[in-house]
Amino acid sequence: MTKSELIARLAERNPHLYQRDVERIVSTIFDEVADALARGDRVELRGFGAFSVKKRDARVGRNPRTGETVDVDAKAAPYFKAGKQLRERLNGGVDVDDDLDDDED
Amino acid sequence: MSGRTITRAQLSEAVYQEVGLSRNESADLLEMVLDEMSVALVRGETVKISSFGSFSVRDKGQRIGRNPKTGEEVPILPRRVLVFRPSQLLKARVNEGPVGRQLENG
C-alpha cells in the first residue's frame, strides 16, 4: 500500500470529503509525526505503536565491498515499535512480545 | 531530548486546524488512517509513505532465547514482526534536530 493508495481508500470510505482534503489529512498526520520526531519528541498511538528517536553510538564499521574499516559517527535514528494490539493482530491474536523495555503494556 | 509525548489528541487537533472538519471527524479520520495501515500490514502488505518511511512485516522463525534474569533457555516461537524503515528525509530531519545536535557536540 502506498500513500496514494491509502488516500484512495480513505476517499472511498468518506464520499462526503473532497479527495484534496483527504490528501491534506493524510499529509498532515505524517508531517506532524515527522515534526515531533525532528524536535526529539515521542509519538505514542496506543494500539498502533510508538515512534521515538534513538541514539546510536559511534562505531567502527566496515565497507562490505572492500573490507576497509570506517568510523561511523554517533547519530539519532527514528524508531517505531508496534503496539500490543497490532502485534497481536499480526500474530493471530497472540502477543508474542518479549521485549522487557516495553512502555505500552 | 525534550521528552514530550505526542498522542492522538495532538494529531487530530492538527487535522482539525488544517482541514476544518469537526474535532470528532478529525479524530475519526486519524483512526481510519491507522486502521487502513494496520489492515494492510496484517494482510502482509508493505505500507510505503513517501518522504516518511515504509512499514513492512517480516516472518521470523523459531530460535532459542534466554531469560535475561535467570539465564534459562527458552524457545522463541515463530512470529511476524513489524519493521519500520524511515526515509532518508526523516533520518536527516531527526539528525538535524536537538537529539542529533546534542550527539554532534558530544
Side-chain angles (χ1 to χ4, degrees), chain A residues 1-6 9-10 13-14 17 21-22 24-58 73-82 85-87 89-92 94 96-98 100, chain B residues 1-8 10-12 14-15 17-21 25-26 29-30 32-38 40-42 45-53 55 57 65 68 74 76-77 79-84 86 89-91 93-100 102-104 106:
Chain A
M1 174 184 265
T2 61
K3 186 174 170 184
S4 38
E5 284 164 358
L6 174 61
R9 182 76 192 104
L10 289 160
R13 280 179 73 176
N14 297 277
L17 296 180
D21 284 340
V22 178
R24 281 173 69 199
I25 291 162
V26 172
S27 296
T28 300
I29 292 169
F30 291 107
D31 288 351
E32 285 294 314
V33 175
D35 290 350
L37 293 173
R39 288 193 303 265
D41 288 347
R42 175 183 166 82
V43 179
E44 205 173 291
L45 303 166
R46 249 162 220 271
F48 183 75
F51 295 90
S52 58
V53 178
K54 290 217 165 176
K55 294 173 192 166
R56 306 281 184 217
D57 287 337
D73 289 338
K75 63 183 173 209
Y79 177 76
F80 176 76
K81 182 177 197 297
Q85 200 189 322
L86 182 53
R87 274 197 316 265
R89 285 176 67 186
L90 287 170
N91 288 284
V94 183
V96 293
D97 184 56
D98 40 34
L100 294 172
Chain B
M1 221 172 288
S2 72
R4 266 218 311 163
T5 297
I6 304 301
T7 64
R8 279 176 172 78
Q10 289 94 326
L11 295 188
S12 61
V15 170
Q17 299 283 348
E18 183 71 28
V19 191
L21 304 174
E25 198 167 15
S26 303
L29 261 302
L30 169 61
M32 275 186 231
V33 168
L34 301 180
D35 177 56
E36 289 295 338
M37 291 174 73
S38 302
L41 290 165
V42 169
E45 266 180 56
T46 294
V47 176
K48 280 185 198 160
I49 307 296
S50 58
S51 79
F52 184 79
F55 300 83
V57 176
V74 278
I76 298 175
L77 297 175
R79 65 193 55 201
R80 293 210 292 166
V81 295
L82 209 160
V83 184
F84 172 63
L89 182 72
L90 184 59
K91 284 189 201 172
R93 288 201 57 199
V94 162
N95 270 289
E96 285 153 14
V99 183
Q102 188 192 324
L103 289 171
E104 238 167 68

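Note that the structure is a prediction, hence the values are computed from the model and not measured.
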### Summary
Checked A:D21, A:L86, A:L37, A:I25 vs chain B; the most non-hydrogen pairs under 4.5 Å come from A:I25

### Query
Knowing that exactly one of A:V22, A:L45, A:L10 qualifies, which makes a side-chain contact (heavy atoms from CB on, under 4.5 Å) with B:V33?
A:L10

### Query
Tell me, side chain or backbone of B:A14 under 4.5 Å from chain A's heavy atoms, or both, or neither?
both

#### Entry: Top of B:L30, B:L77, B:L34 for chain A proximity - count of heavy-atom pairs under 4.5 angstrom
B:L34

#### Entry: Which atoms of B:L21 approach chain A - backbone, side chain, both or neither, heavy atom under 4.5 Å
side chain

### Task
Give a yes or no on whether the backbone of A:N91 and the side-chain of B:R79 come within a donor-acceptor separation of less than 3.5 Å.
no

### Task
Evaluate the ring planes of B:F52 and A:F51, with Trp represented by its six-membered ring, and classify them as parallel (under 30°), tilted (30 to 60°) or perpendicular (over 60°).
perpendicular

### Task
Can you tell which part of A:L6 gets under 4.5 Å to a heavy atom of chain B, answering side chain, backbone, both or neither?
side chain

### Task
Indicate yes or no for a side-chain donor-acceptor contact from B:R80 to the backbone of A:L90 under 3.5 Å, with no hydrogens or angles considered.
yes

### Summary
If one checks every heavy atom of B:T46 against chain A at 4.5 Å, the contacting part turns out to be backbone

## Note on the structure
Residue set satisfying side-chain hydrogen bond (donor to acceptor under 3.5 Å, both in side chains) with A:R13, at least two apart, ordered chain then number -> B:D35, B:E36

### Query
Using non-hydrogen atoms only, which part of B:Q17 is less than 4.5 Å away from chain A: side chain, backbone, both, or neither?
neither

### Message
If I measure from the heavy atoms of chain A, does B:V57 come under 4.5 Å with its side chain, its backbone, both, or neither?
### Response
side chain

### Task
Would you mind telling me which of B:V47, B:L11, B:I49 has the largest number of heavy-atom pairs within less than 4.5 Å of chain A?
B:I49

## Note on the structure
Cut-off 4.5 Å, heavy atoms of chain B, and the answer for A:D57 is neither

### Message
The criterion is side-chain hydrogen bond (donor to acceptor under 3.5 Å, both in side chains); which residues satisfy it with B:E96, sequence neighbours excluded?
### Response
none

